Protein chains: 2
Amino acid sequence: MSAPARRSTKQRSAVSAVLDEADAFMSAQDLHARLRERGENVGLATVYRALQVLAEDGDVDVLRTDDGGEAVYRRCSTGHHHHLVCRRCGATVEVEGPQVEAWARRIGAEHGFTAVQHVVEVFGVCAACSARD
Amino acid sequence: MSAPARRSTKQRSAVSAVLDEADAFMSAQDLHARLRERGENVGLATVYRALQVLAEDGDVDVLRTDDGGEAVYRRCSTGHHHHLVCRRCGATVEVEGPQVEAWARRIGAEHGFTAVQHVVEVFGVCAACSARD
DNA sequence: ATTCTTGCAAACCCTTTGCAAGCTA
DNA sequence: TAGCTTGCAAAGGGTTTGCAAGAAT
């Protein structure tokens, strides 16, 4: 019942490589398309499985698009952080919010809650997209 | 090409009513199930369409679950607030966070974002459930 | 009477899974 | 060799859509 060993394969490296180059959120389908463009032949199911493993190991951040509910993945930096996402073009900025962390902890404590965690996402229209109007 | 007129129907009222009573995020499927329990016979597709309209008109907030990518809806409260949810028993407390509002606005501004909105949910284990261990 | 709405079922999209063949350790 | 991985295709789960019948204005 222990976790199965993790083998290194051409496909997993490929997925990892694409994720490294594109420093942005990208869906499994996007990733798969990009692999095909490069001539790398990797099955879609394999891409999903690779991403699943990466997410389990905490090597990528996962979040859900508001439209279509696609899951998007991105290599994640270490440390707890939140995201500022452009709802027009999807551009993402990692932001930190010490005040938010403190607030969440305090709110939890005030109400007698333990093991407090929080989810924060900030949405807006980025400068580039605003200018485009 | 102007938007079609919006008619008031029994089904839409029913959806709206459920949304009013349950002051929490709820998926279309949940909502549909609750309607059936009450004896209200509303088609699933209709529930989806009603929620779509409500979201378009800005009458409900929409966000995506991390698992399964379900969309969850909640009546937009007039007063903006967040929730502290017990992940054990589901108890929910409405909380306010002026500091969080301020932080979100500032973060957005710093990065040149406009029309900034945010989603914040705090999870934990409530006092009662903690005691139960 | 007109035109929006509803319901049902089929269609869609993203994602997961079963299974035989391929590859890594 | 043993057993994780891959690919394909089929299955799954949520959401959307086409179309004829039903309501609201």
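A quick note: this is a predicted structure, and the numbers were derived from the prediction, not measured.
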Practice prompt. Considering just the side-chain nitrogens and oxygens of Q29(B), establish if one lies under 4.0 Å of OP1 or OP2 belonging to dG13(D).
Written response: no
Can you check nucleotides 7-9 of chain C for protein contacts, nitrogen or oxygen pairs under 3.5 Å, and list what you find?
residue	atom	partner	partner atom	Å
dG7(C)	OP1	Q11(B)	NE2	3.2
dG7(C)	OP1	N41(B)	O	3.1
dG7(C)	OP2	G43(B)	N	2.9
dG7(C)	OP2	T46(B)	OG1	2.7
dG7(C)	N7	R49(B)	NH2	2.7
dG7(C)	O6	R49(B)	NH2	3.2

Atom pairs under 3.5 Å, N or O on each side, protein against nucleotides 21-25 of chain C: can you list them with distances?
residue	atom	partner	partner atom	Å
dT24(C)	O2	R7(A)	NH1	2.9

Practice prompt. Answer yes or no: does a side-chain N or O of Y48(A) lie under 4.0 Å from OP1 or OP2 of dT16(C)?
Written response: no
Item to complete: Take atom CD of E40(B) and atom P of dT6(C), then tell me their distance rounded to the nearest Å.
Response: 13 Å
Worksheet item: Under 3.5 Å, side chain of R12(A) to main-chain N/O of L54(A), donor-acceptor pair present?
Response: no
Worksheet entry | 4.5 Å side-chain heavy-atom contact, R75(A) and D20(A) | yes
Response to the item:
Taken to the nearest whole Å, CD/E56(A) to P/dT15(C) is 16 Å
Practice prompt. Report whether Y48(B) and F25(B) are members of the same hydrophobic cluster (ILVMFWY, side-chain heavy atoms less than 4.5 Å apart, transitive linking).
Written response: no
Worksheet item: D30(A) has an atom CG; how far is it from atom C1' of dT15(C), in whole Å?
Response: 15 Å
Worksheet entry | Euclidean distance, atom CG of residue L51(A) to atom C1' of dC14(C) [Å, nearest integer] | 13 Å
Discussion item. If we ignore hydrogens and angles and just use 3.5 Å, is the side chain of H32(B) paired with the main-chain N or O of V42(B) as donor and acceptor?
Written reply: yes
Discussion item. Nearest whole Å is fine: how far is dC13(C) P from H32(A) NE2?
Written reply: 16 Å
Discussion item. For the CD atom on E96(B), are there more than 12 heavy atoms of other groups (residues, nucleotides or ligands in this structure) within a distance under 6.0 Å?
Written reply: no
Fill in: No-hydrogen, no-angle side-chain donor-acceptor test under 3.5 Å, E70(B) and S27(B)
yes
Practice prompt. Mind calculating the distance between CD (Q52(A)) and P (dC4(D)) to the nearest angstrom?
Written response: 16 Å
Worksheet entry | R12(B) side chain near dT6(C) phosphate (N/O to OP1/OP2, under 4.0 Å) | yes
Practice prompt. Specify whether H82(B) and W103(A) have parallel, tilted or perpendicular ring planes, treating 30° as the upper limit for parallel and 60° as the lower limit for perpendicular.
Written response: perpendicular
Worksheet item: Can you hop from V62(B) to L44(B) via hydrophobic side chains spaced under 4.5 Å?
Response: no
Worksheet item: Just wondering, do E110(B) and V95(A) contact through their side chains at under 4.5 Å, heavy atoms?
Response: no
